Amino acid sequence: MNHVHSNSLVIAEAAKCIGCKACELACFAVHNRDNGVGSTVGTVTMPVVPRLYVIRTDSFTMPVQCRQCENAPCAGACPVQAIRQKDGVIVIDADACIGCKACALACPFGAISLYKAYSGGAELPQPLLQERRDSKLQRKTRIIAYKCDLCRNIEMPGAVAGELGASGRDSSVTAVQGREPFPACVAVCPEDALRLVKVGSGNPLSQHREGMTCDVIQ
């Protein structure tokens with residue numbers, strides 16, 4: 001029987017989430033160090049653009065982020081093939097993205113958002129299109145799609161990585177920094193409401209939850 005090698009994903013426990021938005025801020029910080037975002041107050045000169053967002057209802061609070069779908073509808077909808085699977089993670093090529101919104105419309109979880117693109121802390125202009133601002137024509141800012149990439153290929157700063165050792169988490173949980181993507185949101189959550197889950201490759205995904213082999217990585 002063929003083994004199923006499934007993508008990892010982050011799951012949220014609404015019962016634990018307190019809506020503090022530490023996950024949003026950590027996500028924004030680690031993805032924007034090239035834009036001058038540091039770990040001290042006063043280093044943020046651009047809008048806070050996380051790759052997940054916290055929702056609130058009358059009955060619960062929890063973050064929404066990409067589920068790293070096995071048959072990702074966003075990838076199928078992208079007309080320029082800017083969305084691909086790499087190392088078990090669904091990623092968006094920001095340079096190839098044309099901001100067409102097809103992926104956002106295709107995502108059943110509402111986990112893809114479109115925002116302005118930034119480089120060096122400043123808005124990144126488009127090469128051709130213009131718009132009228134301050135009574136004159138200026139190049140429009142590029143709009144691209146953003147979504148969770150499980151912090152793939154991102155080196156965690158000490159302030160974030162240090163949360164792993166300081167949180168006193170259960171010894172049965174295995175941290176695998178350096179070998180697997182480790183999302184900043186999981187590392188900083190003060191209530192352990194977020195978990196990185198890697199589904200074992202030995203069991204069909206159609207099996208019941210009790211029969212699945214999962215490594216929970218906190």
Side-chain angles (χ1 to χ4, degrees), residues 6-33 35 37 39 44 46-70 72-75 83 85 88-92 94 101 103-116 118 144-154 156-157 159-164 166-170 173-177 180-199 209 214-218:
S6 304
N7 297 338
S8 299
L9 75 157
V10 172
I11 59 173
E13 295 184 60
K16 291 184 176 181
C17 179
I18 59 175
C20 67
K21 297 193 175 184
C23 54
E24 289 188 1
L25 293 175
C27 175
F28 165 70
V30 300
H31 282 93
N32 286 281
R33 292 201 293 274
N35 286 312
V37 176
S39 57
V44 180
M46 57 179 287
V48 176
V49 181
R51 301 184 180 215
L52 76 166
Y53 58 93
V54 175
I55 61 172
R56 295 174 181 271
T57 72
D58 293 337
S59 58
F60 69 90
T61 302
M62 66 177 291
V64 172
Q65 61 204 108
C66 177
R67 306 296 290 183
Q68 312 298 335
C69 300
E70 302 300 329
C74 58
I83 303 177
Q85 177 173 302
V89 181
I90 306 299
V91 296
I92 297 176
K101 310 176 187 66
C103 58
L105 293 172
C107 178
F109 301 101
I112 300 178
S113 302
L114 281 87
Y115 296 108
K116 294 178 179 180
Y118 290 85
I144 61 174
Y146 291 86
K147 73 168 205 65
C148 171
D149 59 3
L150 296 182
C151 292
R152 178 180 176 271
N153 293 336
I154 290 180
M156 294 297 155
V160 173
E163 293 289 336
L164 295 172
S167 60
R169 290 173 177 156
D170 187 81
V173 175
T174 304
V176 290
Q177 278 188 284
E180 295 281 352
F182 199 93
C185 59
V186 179
V188 302
C189 180
E191 298 296 323
D192 292 343
L194 292 168
R195 298 189 177 199
L196 176 63
V197 174
K198 183 177 176 66
V199 180
R209 183 177 179 182
C214 295
D215 297 322
V216 179
I217 308 163
Q218 266 183 319

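As the structure is a prediction and not an experimental result, all values here were calculated from the model. Atoms considered below: every heavy atom in the structure, side chains included; atoms not considered: hydrogens, waters and symmetry mates.
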- Item | Nearest-0.5 Å distance that lies between atom CD1 in Ile18 and atom CE in Met62 | 15.0 Å

- Spacing of NZ belonging to Lys147 relative to SG belonging to Cys74, to within rounding of 0.5 Å: 6.0 Å

- Item | Heavy-atom pair with the smallest gap, counting every atom of Leu196 and Val186 | N-CG2, 4.2 Å

- Could you walk me through whether Phe60 and Glu13 pass the side-chain contact (heavy atoms from CB on, under 4.5 Å) check? CA-CA 10 Å; Phe60 69 90; Glu13 295 184 60; over 6 Å; no

- Message: Measuring from atom CG of Asp192 to atom SG of Cys17, what distance do you get when rounded to the nearest 0.5 angstrom?
- Response: 12.0 Å

- Item | Residue pair Ala29 / Val37: nearest heavy atoms and the distance that separates them | CA-CG1, 4.0 Å

- Message: Cys27 and side-chain contact (heavy atoms from CB on, under 4.5 Å): which single residue from Val49, Val48, Leu52 fits?
- Response: Leu52

- Which heavy atom in Cys69 sits nearest to a heavy atom in Phe109, and how many Å separate them? SG-CE1, 4.1 Å

- Message: side-chain contact (heavy atoms from CB on, under 4.5 Å) for Arg195 and Val10? Distances and angles first, verdict last.
- Response: CA-CA 5 Å; Arg195 298 189 177 199; Val10 172; over 6 Å; no

- Between Ala104 and Leu114, which heavy-atom pair has the shortest distance, and what is it? CB-CD1, 3.8 Å

- Side-chain donor/acceptor of Arg56 to backbone N/O of Gly19, under 3.5 Å: yes

- Query: Do Cys189 and Cys23 have side-chain heavy atoms sitting under 4.5 Å apart?
  - Reply: no

- Please examine the side chains of Gln68 and Ser8, heavy atoms only from C-beta on, and report whether any two atoms are closer than 4.5 Å. no

- Is there a donor-acceptor pair under 3.5 Å between the side chain of Tyr146 and the backbone N or O of Lys116? yes

- Message: Do Pro190 and Cys20 have side chains that approach each other closer than 4.5 Å (heavy atoms only, starting at C-beta)?
- Response: yes

- Item | Exam field: side chain Lys21 to backbone Tyr53, donor-acceptor pair closer than 3.5 Å | no

- Inter-residue atom distance Leu150.CG - Asn7.CG, 0.5 Å rounding: 8.5 Å

- Message: Looking at Asp149 and Cys151, would you say the former's side chain and the latter's main chain have a donor-acceptor pair under 3.5 Å?
- Response: yes

- Item | Closest heavy-atom pair and its distance - Val64, Gly110 | CG1-O, 4.4 Å

- About how many Å separate SG of Cys185 and CG of Leu25, when rounded to the nearest 0.5 Å? 12.0 Å

- Message: What verdict does the side-chain contact (heavy atoms from CB on, under 4.5 Å) test give for Ile55 and Thr61, after you've listed the backbone C-alpha separation in whole Å, the side-chain angles of each residue and the deciding distance to 0.1 Å?
- Response: CA-CA 6 Å; Ile55 61 172; Thr61 302; over 6 Å; no

- Electrostatic pair Glu24-Arg51, nearest N-O below 4.0 angstrom: no

- Smallest heavy-atom separation, Tyr115 atom then Pro50 atom, equals CE1-O, 4.5 Å

- Query: Which is it for Leu194 and Lys16 under the side-chain contact (heavy atoms from CB on, under 4.5 Å) test, yes or no, and what are the steps along the way?
  - Reply: CA-CA 9 Å; Leu194 292 168; Lys16 291 184 176 181; over 6 Å; no

- Query: Between CZ of Arg67 and CD1 of Ile11, what distance do you get to the nearest 0.5 Å?
  - Reply: 7.5 Å

